[in-house]
Amino acid sequence: MRSKEPGISVIVPVYNVEAYIGKCLDSLAAQTWPRMEVIAVDDASTDESGRICDAYAARDPRFAVVHLPHNGGLSAARNAGVCRAAGEYVSFVDGDDTVEPDLLEKLYGSLEASGADISVCAAHGIDGAARVPELLSQRDVSECLARRSPFLWTVWGKLYPAELVRRHPFDRRAVCCEDLVFFYQVLREISTVRYVPNRLYQYILRQGSAVHGRFDDKRCTVLSALDRICEDAAISCPQVERAFRQVALDAGARLAMQAVEEGMERERLLAYLERFQKHMRRHFSWRALGLAPDARGIAAELLLAGSRTAFRGAAAFYHRAKTWMAGKAGRTQ
């Protein structure tokens, strides 16, 4: 390790998380890495979140707070934090999550030991990181994404060179997929990723988060983002194109399933399914389908690409069966 440890800037976007932000900042205050700054970006919270952050900054010189005048969303908050960051490396932590005390120490140590470009850790609250090699190439990373290895879909739980992050500001148009768009841009510039299997990040899936929200057009912005990614990959990063086309197929099928489960009226549902089917056909290839993580995913993608009616019927049956099984399990407990 270097004789003088590099500075690490931790950027924490904060919006109406007063019940969580204290635990988040406590976990960062406990970090074992000696040269760290925490930049909490209050995205015009309407609860006590901003004042809680101010209290931490008042008693710990490693903490600073940026108060945004208007709510601009997650991407705007992260970009504001990056502009303020002074460290040689950058990490992101969401304001409703927590981390282990040795998060930064282990992420940086893995970079030094491996010579990789960025490092990634496993997370509590997210499955799918099994059987991942410790050193991944560009192609390896893209195929992990295609096989739904969730730790790579997220911007948090990683350590990046600050200059790399500055070259790729978060896209405010990508309402529900800003992490994926950012990570693709980063992936084009790197050679290797070091995976740390330790679960150093605690992801909290809470009611009221974007993931738990109702189905709407905002969720569908992922489709246009994946259109742009696949188009770019075909030209500038062909070694990952196949994997991102499978990501596009998977996203289309999942959105279609969510639309069916929403129980919306028939004409609106059919309009959504038509949109998703066009997306599926645009990106469909047998080579991409070969990266689907399981038989259920393959079946859903084939059904939707072939027939909206067949997909609708199968998805409705699956949803009813899943609901019945969940109810039965609840009654037997």
Side-chain angles (χ1 to χ4, degrees), residues 126-133 136-154 174 176-177 179-181 183-188 193 195 211 215 219-262 269-319 321-322:
I126 286 192
D127 297 322
R131 300 184 304 278
V132 175
L136 300 99
S137 67
Q138 271 186 334
R139 188 186 298 273
D140 293 334
V141 171
S142 67
E143 291 183 0
C144 281
L145 280 165
R147 294 189 173 104
R148 297 187 203 151
S149 197
F151 73 94
L152 288 169
W153 275 80
T154 59
C176 291
C177 55
D179 288 20
L180 180 62
V181 173
F183 196 71
Y184 169 71
Q185 292 172 331
V186 167
L187 184 62
R188 291 185 310 173
V193 172
Y195 173 58
V211 176
F215 187 91
R219 291 196 181 191
C220 300
T221 60
V222 67
L223 301 183
S224 56
L226 282 164
D227 287 344
R228 296 194 301 271
I229 288 173
C230 290
E231 182 179 351
D232 183 86
I235 299 169
S236 62
C237 204
Q239 61 270 31
V240 306
E241 180 190 3
R242 173 195 178 203
F244 275 96
R245 290 205 181 276
Q246 169 53 32
V247 173
L249 296 179
D250 183 71
R254 283 172 171 263
L255 283 169
M257 187 67 201
Q258 290 168 17
V260 171
E261 292 178 343
E262 183 77 8
L269 174 60
L270 290 177
Y272 270 121
L273 292 182
E274 181 179 12
R275 178 179 179 183
F276 300 148
Q277 185 183 62
K278 288 180 179 178
H279 173 82
M280 297 284 287
R281 290 176 174 177
R282 183 179 308 124
H283 295 291
F284 187 86
S285 81
W286 291 105
R287 290 184 68 250
L289 192 67
L291 290 174
D294 51 43
R296 188 174 64 186
I298 292 173
E301 291 166 23
L302 284 172
L303 272 174
L304 183 56
S307 168
R308 284 172 285 154
T309 302
F311 178 88
R312 180 185 172 211
F317 176 81
Y318 174 76
H319 178 57
K322 185 172 66 172

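Quick caveat: nothing in here was measured; it's all calculated off a predicted structure.
Between the CD atom in Glu262 and the CG atom in Leu255 there is a gap of 12.0 Å [rounded to 0.5 Å]. Taking CZ of Arg228 as the reference point, atom CG of Leu223 lies at 11.0 Å (rounded to 0.5 Å). The CZ atom of Arg139 sits 8.0 Å away from the CZ atom of Arg242 when rounded to the nearest 0.5 Å. Taking NE2 of His283 as the start and CD1 of Ile229 as the end, the distance is 9.5 Å to the nearest 0.5 Å. How far CG of Leu187 is from CZ of Phe244: 5.5 Å, rounded to the nearest 0.5 Å. A distance of 10.0 Å separates OG in Ser142 from OH in Tyr184, rounded to the nearest 0.5 Å.
In terms of heavy atoms, Leu303 sits closest to Ala314 at CD1-CB, 3.8 Å. Pro238 and Ser236 make their closest contact through CD-C, 3.6 Å (heavy atoms, listed as atom of the first residue, atom of the second, distance). Minimum interatomic distance between Cys230 and Glu241 (heavy atoms only, all atoms of both residues): O-CG, 4.4 Å. The shortest non-hydrogen separation linking Ala300 to Ala253 is CB-CB, 4.2 Å. Cys220 approaches Tyr272 most closely through the heavy-atom pair SG-CE2, 3.9 Å. Here the closest heavy-atom approach between residue Cys177 and residue Thr221 is recorded as SG-O, 4.1 Å.
Atom CZ of Arg296 sits in a sparse spot, with 12 or fewer heavy atoms from other residues, nucleotides or ligands closer than 6.0 Å. A 6.0 Å sphere centred on CD of Glu231 holds no more than 12 heavy atoms belonging to other residues, nucleotides or ligands.
Side chains of Gln277 and Phe311 form no contact here, defined as non-hydrogen atoms less than 4.5 Å apart. Leu304 is not listed as a side-chain neighbour of Phe284, based on a closest heavy-atom distance of 4.5 Å or more. When side chains are defined from C-beta on, Tyr318 does not count as touching Val260, because their heavy atoms never get closer than 4.5 Å. In this structure, Val240 and Val141 have side chains that are not in contact, with every pair of non-hydrogen atoms separated by 4.5 Å or more. The side-chain heavy atoms of His279 and Asp227, taken from C-beta on, include a pair separated by under 4.5 Å.
Among Glu301, Arg287, Arg148, the single residue meeting the side-chain contact (heavy atoms from CB on, under 4.5 Å) criterion with Gln246 is Glu301.
Asp140 contributes a side-chain N or O that, together with a main-chain N or O of Ser137, makes up a donor-acceptor pair within less than 3.5 Å. Judged by distance alone, with hydrogens and angles left aside, the side-chain atoms of Arg281 form a donor-acceptor pair with the main-chain N or O of Ala305 at under 3.5 Å.
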